[in-house]
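Note on naming: letters A, B, ... go to the chains in the order of the sequence lines (proteins, then strands), and numbering restarts at 1 for each one.
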There are 4 protein chains.
Amino acid sequence: MPSPSGPDPTRRSERSRRAILTAAVELLGETGYNELTIEAIAARAGVGKQTIYRWWSGKGAVILDALSDAALAVDASMPDTGDIRTDLYAIIRPTVAELADPRLSATSRALSIETLSDEALAEQVRDRLLRPQLDAVKDRLRAAQLADQVRADVDLDQAVELLFGPMYYRWMFRTGPLSQEYADDVVDLALAAFGIARA
Amino acid sequence: MPSPSGPDPTRRSERSRRAILTAAVELLGETGYNELTIEAIAARAGVGKQTIYRWWSGKGAVILDALSDAALAVDASMPDTGDIRTDLYAIIRPTVAELADPRLSATSRALSIETLSDEALAEQVRDRLLRPQLDAVKDRLRAAQLADQVRADVDLDQAVELLFGPMYYRWMFRTGPLSQEYADDVVDLALAAFGIARA
Amino acid sequence: MPSPSGPDPTRRSERSRRAILTAAVELLGETGYNELTIEAIAARAGVGKQTIYRWWSGKGAVILDALSDAALAVDASMPDTGDIRTDLYAIIRPTVAELADPRLSATSRALSIETLSDEALAEQVRDRLLRPQLDAVKDRLRAAQLADQVRADVDLDQAVELLFGPMYYRWMFRTGPLSQEYADDVVDLALAAFGIARA
Amino acid sequence: MPSPSGPDPTRRSERSRRAILTAAVELLGETGYNELTIEAIAARAGVGKQTIYRWWSGKGAVILDALSDAALAVDASMPDTGDIRTDLYAIIRPTVAELADPRLSATSRALSIETLSDEALAEQVRDRLLRPQLDAVKDRLRAAQLADQVRADVDLDQAVELLFGPMYYRWMFRTGPLSQEYADDVVDLALAAFGIARA
DNA sequence: AGGTAATCGAGACGGTACGTCCGGTCTTAGA
DNA sequence: TCTAAGACCGGACGTACCGTCTCGATTACCT
């Protein structure tokens with residue numbers, strides 16, 4: 001039985017793969033999403049266009065892979081100091097800081113655009129990029145729930161979205177500054193919703 | 001001071017303007033954002049491309065105008081039954097419903113993409129489309145604050161983003177269903193954050 | 001019986017007419033045929049486009065009028081010194097000189113292009129610009145025929161074309177220099193054909 | 001020395017090249033020069049516009065190539081029966097016939113227009129299309145000169161233009177019919193100029 | 001002298017083609 | 001077989017002009 005068989009991954013050039021992902025991220029930072037084209041990526045990476053199309057479905061998939069690689073590099077786990085507020089500060093602050101930086105958030109912006117255009121990609125983004133972080137926060141909140149720091153009737157899926165949603169909203173629609181104070185305020189507000197009075 | 005001049009708005013064809021905005025919205029609903037091209041809009045509207053470029057900077061601006069027109073048509077004010085929870089349900093439920101409908105949310109999707117690609121447009125979207133609604137909700141919350149239904153120390157800008165943020169996050173990243181129950185839960189969670197116990 | 005009546009020529013602005021013809025000739029000299037557009041003529045002349053279309057059928061007609069004006073200014077008659085060779089030199093030399101000058105011949109070039117594209121215009125060009133000169137030369141040749149300086153069996157229509165044809169051919173196809181010597185040689189060759197031995 | 005490079009001719013699609021040249025000639029015959037557009041050629045040939053622009057500078061260059069191809073196919077040589085008049089009849093008659101046919105002369109008309117608009121193209125037309133024929137006639141005249149059928153002092157470059165010039169003049173300016181009699185008369189007149197009495 | 005009809009400058013309009021850019025596929029040569 | 005390179009077909013881009021049309025504002029005639 002001959003397999004339907006796309007390209008053979010064992011023969012894939014790791015060198016090209018890295019060059020493509022690097023080129024994509026660089027171009028995003030340097031010139032922005034509208035100038036990010038497959039041709040530009042291929043040229044910058046010193047790679048044929050076909051090599052991109054052979055392994056990715058489009059530029060959204062390339063960016064997703066680039067960020068997946070980066071995400072794997074950092075620790076996806078949550079700290080647990082015992083104090084849920086402290087731990088949430090620790091996770092939200094750097095996220096806000098990244099979104100506040102136009103250069104660093106260029107990839108997020110690009111991926112959001114692709115996500116809004118492509119349903120299949122959206123699911124990949126959710127499962128491969130967002131889920132790990134959301135689950136880590138959820139786990140931490142569950143622990144807090146067991147420690148009676150979070151009301152028992154709080155739906156934890158909604159809880160994590162209550163933390164990340166306002167932040168992304170403000171980022172997307174530029175309704176206000178993405179400062180550290182803002183990050184802390186969001187955490188405080190969310191914790192109030194979870195039944196924790198401010199310290 | 002030499003005026004920048006540009007085309008003379010008094011000679012603008014209202015007929016063409018309406019045809020273009022209508023065509024843009026129709027096409028978005030029928031074929032989606034990636035297939036929405038200036039050429040298609042012009043063809044559908046029975047208009048020369050130049051007539052679009054003369055008055056708008058690109059398709060983002062066209063969509064923005066189309067939605068601004070539509071937004072002006074509907075009442076941007078909030079209900080005020082005296083009960084803040086009831087009133088928030090009334091505003092959040094239809095918003096969630098609209099986002100849940102692929103056809104109705106096509107324009108939101110398109111505008112979000114443009115917003116993420118174009119800083120100048122983002123500000124227009126914020127000021128002309130979002131602000132009126134956000135301000136209306138904010139006003140309603142301020143009244144609730146005066147009626148001691150919302151804690152006095154709650155920052156109202158953050159408050160409205162706490163309501164809308166999670167909803168848009170779930171819409172963009174498809175992290176869960178956009179049901180009426182969800183809409184109500186978001187309101188309940190936010191009200192808890194604002195210091196209102198569940199009924 | 002109401003006349004079909006186009007525009008009323010008595011109300012025509014002579015000022016605009018001259019400005020248009022002048023602008024057309026200037027533009028031809030400065031930028032060449034490909035840049036000669038109705039819009040450019042109108043802008044240069046400080047005239048509305050409609051004023052051009054009201055009085056001319058297109059740019060070919062404008063150029064034709066411009067040259068007709070110029071042609072009327074110069075004397076269309078032939079000299080008659082009694083010596084046909086001398087007289088032909090006198091008529092051919094300046095014609096060659098004009099064709100040799102890129103600036104002066106820009107209008108001829110433009111008109112030739114229009115002539116090749118538009119049959120109706122071609123007839124106008126022939127009758128209003130060429131015919132007078134051709135007829136003048138023909139008349140002079142007829143006189144020479146009577147004076148036995150030209151063979152009686154020479155068809156005079158062919159004779160004049162034998163004089164002008166080679167010149168225009170060389171001008172169009174750049175097969176050789178358009179010098180005064182060349183002009184004289186053409187005359188000599190033609191006269192040989194007409195039965196006149198070189199002096 | 002950095003090579004100017006441009007596209008690699010070894011990878012050029014012969015299929016597309018032929019389709020483009022064929023389409024151009026067909027369209028010229030069917031619709032005329034003003035309706036001959038790059039877009040129409042591309043559409044008819046089933047080719048992307050870029051494929052035309054990659055290899056040609058514009059429609060003039062395409063037509064030139066199309067005719068060069070056709071010219072190579074026919075024999076560019078002159079007959080030599082020993083009698084120069086007979087041989088010139090043989091070459092001039094079909095040329096006049098072609099110019100007299102609106103369909104067949106469409107390409108000549110188009111090329112003449114381009115020649116008048118574009119100096120660089122004019123030289124190509126002269127060297128690649130006209131020269132071979134002019135040279136062939138010139139060679140034949142030279143042989144006639146050696147055989148004392150043409151006066152020794154006749155400049156052969158001028159001689160060939162004396163043959164072709166009047167014909168093109170009459171074609172361009174429509175000063176008379178392009179019949180076979182006319183063709184013969186031109187030859188007879190030219191031969192008289194060359195010192196050959198009519199038979 | 002005032003009314004009125006046509007021309008005028010200006011430029012927006014519906015269109016068509018331009019020449020460029022890029023998407024995604026296919027072909028070639030080399031490793 | 002995969003790769004770099006890049007030609008290919010297709011199609012949208014944003015621009016330039018086309019020829020028509022709609023505006024006041026002159027302008028010249030005609031009561």
Between the protein and nucleotides 5-11 of chain E, list every N/O to N/O distance that falls short of 3.5 Å.
{"from": "E:dA6", "atom 1": "O4'", "to": "C:Arg11", "atom 2": "NH1", "distance (Å)": "2.7"}
{"from": "E:dT7", "atom 1": "OP1", "to": "C:Asp8", "atom 2": "N", "distance (Å)": "2.9"}
{"from": "E:dC8", "atom 1": "OP1", "to": "C:Ser13", "atom 2": "N", "distance (Å)": "3.0"}
{"from": "E:dC8", "atom 1": "OP2", "to": "C:Arg54", "atom 2": "NE", "distance (Å)": "3.1"}
{"from": "E:dC8", "atom 1": "OP2", "to": "C:Arg54", "atom 2": "NH2", "distance (Å)": "3.3"}
{"from": "E:dC8", "atom 1": "OP2", "to": "C:Trp55", "atom 2": "NE1", "distance (Å)": "2.9"}
{"from": "E:dG9", "atom 1": "OP1", "to": "C:Ser16", "atom 2": "OG", "distance (Å)": "3.0"}
{"from": "E:dG9", "atom 1": "OP1", "to": "C:Gly46", "atom 2": "O", "distance (Å)": "3.4"}
{"from": "E:dG9", "atom 1": "OP2", "to": "C:Gly48", "atom 2": "N", "distance (Å)": "3.2"}
{"from": "E:dG9", "atom 1": "OP2", "to": "C:Thr51", "atom 2": "OG1", "distance (Å)": "2.7"}
{"from": "E:dA10", "atom 1": "N3", "to": "B:Arg11", "atom 2": "NH1", "distance (Å)": "3.4"}
{"from": "E:dG11", "atom 1": "O4'", "to": "B:Arg11", "atom 2": "NH1", "distance (Å)": "3.2"}

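- Against DNA chain E, the stretch residues 113-123 of chain A makes no heavy-atom approach under 4.0 Å.
- Rounded to whole Å, the distance from CD1 on A:Ile38 to C1' on E:dC21 is 14 Å.
- Rounded to whole angstrom, the span from the CD1 atom of D:Ile52 across to the C1' atom of E:dA17 amounts to 13 Å.
- The closest donor-acceptor contact from the side chain of A:Arg126 to the backbone of B:Phe173 lies at 3.5 Å or more, if one exists at all.
- Contacts with DNA chain F (heavy atom under 4.0 Å) in residues 24-35 of chain C: none are found.
- For the residue pair B:Arg109 and B:Ser105, a side-chain donor N or O sits within less than 3.5 Å of a side-chain acceptor on the partner.
- Between the C1' atom of E:dC18 and the CG atom of D:Leu36 lies a distance of 14 Å, rounded to the nearest Å.
- The interatomic distance linking A:Trp56 (CH2) with E:dG23 (C1') rounds to 17 Å, in whole Å.
- Stacking of D:Arg11 on the aromatic ring of D:Trp55 is not recorded, the 6.0 Å distance cut-off and the 45° axial limit not both being met.
- Every residue two or more places apart in sequence or in another chain that forms a side chain to side chain donor-acceptor pair (under 3.5 Å) with D:Ser68 is listed here: D:Arg128.
- From the 5' end on, the contacts that DNA chain F makes with chain D at under 4.0 Å to a non-hydrogen atom open and close at F:dA5 to F:dA12.
- Across residues 57-65 of chain D, not one residue has a non-hydrogen atom less than 4.0 Å from an atom of DNA chain F.
- C:Glu39 places its CD atom 14 Å from the P atom of E:dC13, with the value rounded to the nearest Å.
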